**Q** 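I have a structure I would like to understand better, so I am pasting it below and will then ask my questions one at a time.
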Amino acid sequence: MVLLLTAALLLGGSYIPAAAEDPVDPYTQSNANAHARPFSGDAMWRAFHGADGVSRVVDGMVDRSIADNRIADIFKARDLVRLRRTLKEQFCYILNGGCDYTGRTMQSAHKDLGVQTADMGALVEHLQAAMKAERIAFPAQNRFLAKLAPMKRAVIKQ
Ligand code: HEM
């Protein structure tokens, strides 16, 4: 440990504790973990401009969240590559874009994060800004937000 730390310091790199990079605990993959039933038809998928649009919206939301001092700490030392990937899958699944969601349940993914109601508000602000930047029609934005609203209880620290 000490050796590792010294090596990292000497090399000028930042030392990330091993725990932060550990794989997530085992879980059963299921689209039910996405915590929402998908829309039917392709209107919502088209409204979000397909896979490229969803990718931009998720990246826009995550980029804004990690740059926001109110909530940035919650994302520190987290596997953001995985987070972006599973969020894109989840959004694609809900928007009926033909993806499977491979991540954890909303409850287990957020159980140790201590997320409060105000943090949820900040994240939703960033999602709205990202959807606006993608020029997603307002009714489609609202229909999507309505799908996420019931997740609040699973995400917020009880
Ligand atoms: C409706 C709202 C939300 C949705 C749909 C959502 C969705 C997700 C998804 C899909 C994952 C990945 C699960 C996995 O990879 O197994 C995740 C993890 C995570 N979420 Fe959320 N989330 C929401 C709210 C929030 C809020 C409000 C915050 C903090 C402000 C937050 C912070 C995080 C962090 C830091 C992780 C990574 C956890 C880890 O690496 O162990 N999420 N979320």
Side-chain angles (χ1 to χ4, degrees), residues 14-40 44-45 47-134 136-158:
S14 61
Y15 175 72
I16 302 165
E21 294 178 338
D22 281 350
V24 300
D25 289 339
Y27 62 96
T28 308
Q29 280 187 10
S30 163
N31 282 328
N33 294 352
H35 213 291
R37 304 243 320 263
F39 291 102
S40 47
M44 287 296 285
W45 185 240
F48 273 71
H49 310 144
D52 290 344
V54 166
S55 184
R56 286 187 291 265
V57 167
V58 167
D59 285 335
M61 178 181 84
V62 173
D63 290 346
R64 286 170 174 84
S65 296
I66 60 181
D68 178 348
N69 286 335
R70 293 173 295 174
I71 55 173
D73 280 354
I74 302 174
F75 294 87
K76 290 230 170 89
R78 298 288 158 189
D79 183 346
L80 296 185
V81 173
R82 177 191 164 97
L83 176 61
R84 288 177 200 268
R85 174 176 60 78
T86 49
L87 272 171
K88 286 171 195 180
E89 288 173 2
Q90 184 191 33
F91 283 23
C92 169
Y93 170 72
I94 294 171
L95 294 164
N96 206 24
C99 303
D100 286 315
Y101 172 66
T102 67
R104 292 162 287 173
T105 64
M106 291 302 93
Q107 204 131 22
S108 69
H110 300 92
K111 71 175 168 24
D112 298 324
L113 301 180
V115 174
Q116 305 289 308
T117 298
D119 305 325
M120 179 84 179
L123 182 109
V124 170
E125 258 176 45
H126 298 317
L127 172 58
Q128 286 175 306
M131 291 191 295
K132 189 174 176 200
E134 182 63 26
I136 290 163
F138 213 60
Q141 292 190 24
N142 286 334
R143 289 183 72 197
F144 187 60
L145 289 171
K147 284 276 190 197
L148 302 190
M151 297 181 194
K152 185 179 167 191
R153 281 195 57 211
V155 168
I156 301 291
K157 188 182 161 48
Q158 306 291 325

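Excluded from the calculations below are hydrogen atoms, water molecules and symmetry mates; all remaining heavy atoms, backbone and side chain alike, are included. All values derive from a computational prediction rather than experimental measurement. Counting convention: from 1, in listed order, for ligands and their atoms alike.
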**Q** Distance to 0.1 Å, residue and atom name: give those for the protein heavy atom nearest to atom 40 (O) of ligand 1.
**A** Arg78 CD, 3.4 Å

**Q** Please state which protein non-hydrogen atom is closest to atom 2 (C) of ligand 1 and give its distance, to 0.1 Å?
**A** Met120 CE, 3.6 Å

**Q** What do you reckon, is CZ of Arg37 surrounded by more than 12 foreign heavy atoms closer than 6.0 Å?
**A**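 Counting neighbours around CZ of Arg37, 12 or fewer heavy atoms of other residues, nucleotides or ligands fall under 6.0 Å, so no.
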
**Q** Please determine which of Glu89, Gln29, Gln90 meets the side-chain hydrogen bond (donor to acceptor under 3.5 Å, both in side chains) test together with Thr102.
**A** Glu89

**Q** Does a side-chain heavy-atom distance below 4.5 Å link Leu145 with Leu127?
**A** yes

**Q** Just need the protein heavy atom nearest to atom 35 (C) of ligand 1, so name the residue and atom and give the distance.
**A** Ile74 O, 3.4 Å

**Q** Heavy-atom contacts under 4.0 Å between Arg104 and ligand 1: side chain, backbone, both, or neither?
**A** both

**Q** Kindly indicate, with the supporting measurements, whether the criterion side-chain contact (heavy atoms from CB on, under 4.5 Å) is fulfilled by Val124 and Gln128.
**A** CA-CA 6 Å; Val124 170; Gln128 286 175 306; 4.0 Å; yes

**Q** Distance under 4.0 Å to a non-hydrogen atom of Arg82: what atoms of ligand 1 satisfy this?
**A** 14 (C), 15 (O), 16 (O)

**Q** According to ring pair (Phe, Tyr, Trp, His ring centres under 6.0 Å), who are the partners of Phe144, at least two apart in sequence or on a separate chain?
**A**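 For Phe144 the ring pair (Phe, Tyr, Trp, His ring centres under 6.0 Å) partners, ignoring immediate neighbours, are Phe48, Phe91.
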
**Q** Under a 4.0 Å N-O cut-off, is there an ion pair linking Asp73 with Lys76?
**A**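 So Asp73 pairs with Lys76 through a salt bridge.
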
**Q** Could you identify the single nearest non-hydrogen protein atom to atom 12 (C) of ligand 1 and state the distance to 0.1 Å?
**A** Thr86 OG1, 3.2 Å

**Q** Does at least one non-hydrogen atom of Tyr27 fall below 4.0 angstrom from an atom of ligand 1?
**A**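 It does not, in that no heavy atom of Tyr27 comes within the 4.0 Å cut-off of ligand 1.
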
**Q** Below 4.0 angstrom, N of the basic side chain to O of the carboxylate: do Arg56 and Asp63 qualify?
**A**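 Answer for the salt bridge query: no.
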
**Q** Taking atom 21 (Fe) of ligand 1 as the centre, count the protein N/O/S atoms lying under 2.8 Å from it.
**A** 1

**Q** Can you tell me if CD on Gln107 sees more than 12 non-hydrogen neighbours from other groups inside 6.0 Å?
**A** no

**Q** Can you confirm whether more than 12 heavy atoms, excluding those of Arg85, are under 6.0 Å from its CZ atom?
**A**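 Counting neighbours around CZ of Arg85, more than 12 heavy atoms of other residues, nucleotides or ligands fall under 6.0 Å, so yes.
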
